[in-house]
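Okay, structure first, notes after.
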Amino acid sequence: MIASIKKTAFHKEVYEPAEDSFALVDALAASLETWRRCPPRLCLEVGCGSGYVVCSLALLLRQAGAAAQLLATDVNPLAAAATAETLAAHEMLDRVDVVLTDLASSLLPSIAGLVDVLVFNPPYVPTPDEEVERGGIAAAWAGGERGRRVTDRLLPLVPALLSPRGEMFLVAVHENDPRELMRLMEAAGFEARVALQRSADEERLTILHFRRRPDQAAEGEAAEVRTAGAAGAAAEDAAPRPGSDR
């Protein structure tokens, strides 16, 4: 089950669900069985727009039996409001927290290393760089040089955001050079693959999927265990003792 277009909020200054949105949701749906076996704990969509994708993700996770926490961010207040409206129409508002922020800036470092599923449908249309700064609906599609200006801002944050078993779904088109994006993420310690390709109008849509390499994931899990153990020891040391005032 995914979000209904009829229940999705629309606004002239908010990106409407289109072929890229549908392709992204199809790629997410293909992970349903994997999520049944290994339920995500924290999911994040950066640039939520109308809320169609994050609402679909929340519905898919419910279908998978995953009691995940979801976060959705957007820099456009109208998009944040539209996402909340879409979630409410699907009775999913209690599953997703909508945050008004640029990319994930206000969420770091609090969610560093915790995101199991990261989703990003960036503004990917090649434009003059000044178009990126216009705001409003232009911010939803204007990608600057090679359509990569916003994508290239988020990718360096991905290693810090993702958990040891974290994965990312990213929308790209031919002009963004998907193969180069894959090489960049491979150099950062990720496995990279094409999850889905689809032609839409004059675009060749590609949904890229990144996951930490097994060796990187193992190192991250070991660090996570050490951190958890240290936190537990600290909590035990700080616990009230019999006869204390605390």
Side chain of [X], backbone of [Y]: donor and acceptor closer than 3.5 Å?
{"X": "Asn176", "Y": "Val173", "result": "yes"}
{"X": "Ser31", "Y": "Thr34", "result": "no"}
{"X": "Ser106", "Y": "Asp102", "result": "no"}
{"X": "Ser56", "Y": "Ala3", "result": "yes"}
{"X": "Asp116", "Y": "Gly166", "result": "no"}
{"X": "Asp74", "Y": "Cys48", "result": "yes"}
{"X": "Asp97", "Y": "Leu71", "result": "no"}
{"X": "Asn76", "Y": "Leu78", "result": "yes"}
{"X": "Arg212", "Y": "Ser163", "result": "yes"}
{"X": "Ser21", "Y": "Ala18", "result": "yes"}

Quick one: closest heavy-atom pair of [X] and [Y], and the distance?
{"X": "Thr151", "Y": "Pro122", "result": "OG1-CG, 3.2 Å"}
{"X": "Arg165", "Y": "Pro39", "result": "NH2-O, 2.9 Å"}
{"X": "Gly113", "Y": "Pro164", "result": "O-CD, 4.0 Å"}
{"X": "Arg183", "Y": "Asp177", "result": "NH2-OD2, 4.5 Å"}
{"X": "Ala68", "Y": "Leu61", "result": "CB-CD1, 4.0 Å"}
{"X": "Ala27", "Y": "Ile207", "result": "CB-CG2, 3.7 Å"}

Hydrophobic clustering (ILVMFWY, side-chain heavy atoms < 4.5 Å, transitive) - are [Y] and [X] grouped together?
{"X": "Val75", "Y": "Val171", "value": "no"}
{"X": "Val96", "Y": "Ile111", "value": "no"}
{"X": "Phe120", "Y": "Val25", "value": "no"}
{"X": "Leu114", "Y": "Trp35", "value": "no"}
{"X": "Leu103", "Y": "Leu70", "value": "no"}

Give, for atom [atom1] of [X] and atom [atom2] of [Y], the distance between the pair rounded to the nearest 0.5 Å.
{"X": "Leu32", "Y": "Gln63", "atom1": "CG", "atom2": "CD", "result": "5.0 Å"}
{"X": "Leu196", "Y": "Leu28", "atom1": "CG", "atom2": "CG", "result": "10.0 Å"}
{"X": "Lys7", "Y": "Met92", "atom1": "NZ", "atom2": "CE", "result": "11.5 Å"}
{"X": "His90", "Y": "Cys55", "atom1": "NE2", "atom2": "SG", "result": "4.5 Å"}
{"X": "Leu170", "Y": "Thr206", "atom1": "CG", "atom2": "OG1", "result": "10.0 Å"}
{"X": "Leu161", "Y": "Leu108", "atom1": "CG", "atom2": "CG", "result": "4.5 Å"}

Verdict with reasoning, Phe210 to Phe169, per ring-ring contact (aromatic ring centres under 6.0 Å, His included): CA-CA 7 Å; Phe210 308 123; Phe169 295 84; 9.4 Å; no
I want to check something: taking the side chain as every heavy atom from C-beta on, are [X] and [Y] in contact at a cut-off of under 4.5 Å?
{"X": "Pro123", "Y": "Val132", "answer": "no"}
{"X": "Ile137", "Y": "Lys12", "answer": "no"}
{"X": "Trp141", "Y": "Glu131", "answer": "yes"}
{"X": "Glu145", "Y": "Asp129", "answer": "yes"}
{"X": "Val117", "Y": "Arg41", "answer": "no"}
{"X": "Met185", "Y": "Leu155", "answer": "yes"}
{"X": "Cys43", "Y": "Leu57", "answer": "yes"}

Please determine, by modelled atom types, if [X] and [Y] share a side-chain donor-acceptor pair under 3.5 angstrom.
{"X": "Arg193", "Y": "His209", "value": "yes"}
{"X": "Tyr52", "Y": "Asn121", "value": "no"}
{"X": "Tyr124", "Y": "Glu175", "value": "no"}

Neighbour count above 12 (heavy atom, 6.0 Å) for [X] [atom1]:
{"X": "Asp94", "atom1": "CG", "value": "yes"}
{"X": "Glu186", "atom1": "CD", "value": "yes"}
{"X": "Arg204", "atom1": "CZ", "value": "yes"}

Assess the residue pair Glu19 and Leu205 against the criterion (side-chain contact (heavy atoms from CB on, under 4.5 Å)); give the C-alpha distance rounded to whole Å, side-chain angles, the decisive distance to 0.1 Å, and a yes or no. CA-CA 9 Å; Glu19 289 301 323; Leu205 294 167; 4.1 Å; yes
Please evaluate residues Arg149 and Glu133 with respect to the criterion salt bridge (Lys or Arg N to Asp or Glu O under 4.0 Å), reporting the C-alpha separation (whole Å), side-chain torsions for both, the decisive distance (0.1 Å), and the verdict. CA-CA 11 Å; Arg149 184 164 168 187; Glu133 311 296 339; 2.5 Å; yes
Under the side-chain contact (heavy atoms from CB on, under 4.5 Å) criterion, do Glu16 and Ser50 qualify, and how do the steps go? CA-CA 6 Å; Glu16 297 180 3; Ser50 68; over 6 Å; no
For a side-chain contact (heavy atoms from CB on, under 4.5 Å) check, start with the C-alpha distance between Leu181 and Leu208, then their side-chain angles and the critical distance, and finish with the verdict. CA-CA 9 Å; Leu181 291 170; Leu208 297 175; 3.9 Å; yes
Pair Arg198 + Asp26, salt bridge at N-O below 4.0 Å: yes
Check the pair Arg146 / Glu180 against salt bridge (Lys or Arg N to Asp or Glu O under 4.0 Å), numbers first and verdict last. CA-CA 12 Å; Arg146 294 200 296 163; Glu180 182 183 70; 3.0 Å; yes
Take Leu44 and Val46 through the side-chain contact (heavy atoms from CB on, under 4.5 Å) test and state the conclusion after the steps. CA-CA 6 Å; Leu44 167 65; Val46 173; 4.0 Å; yes
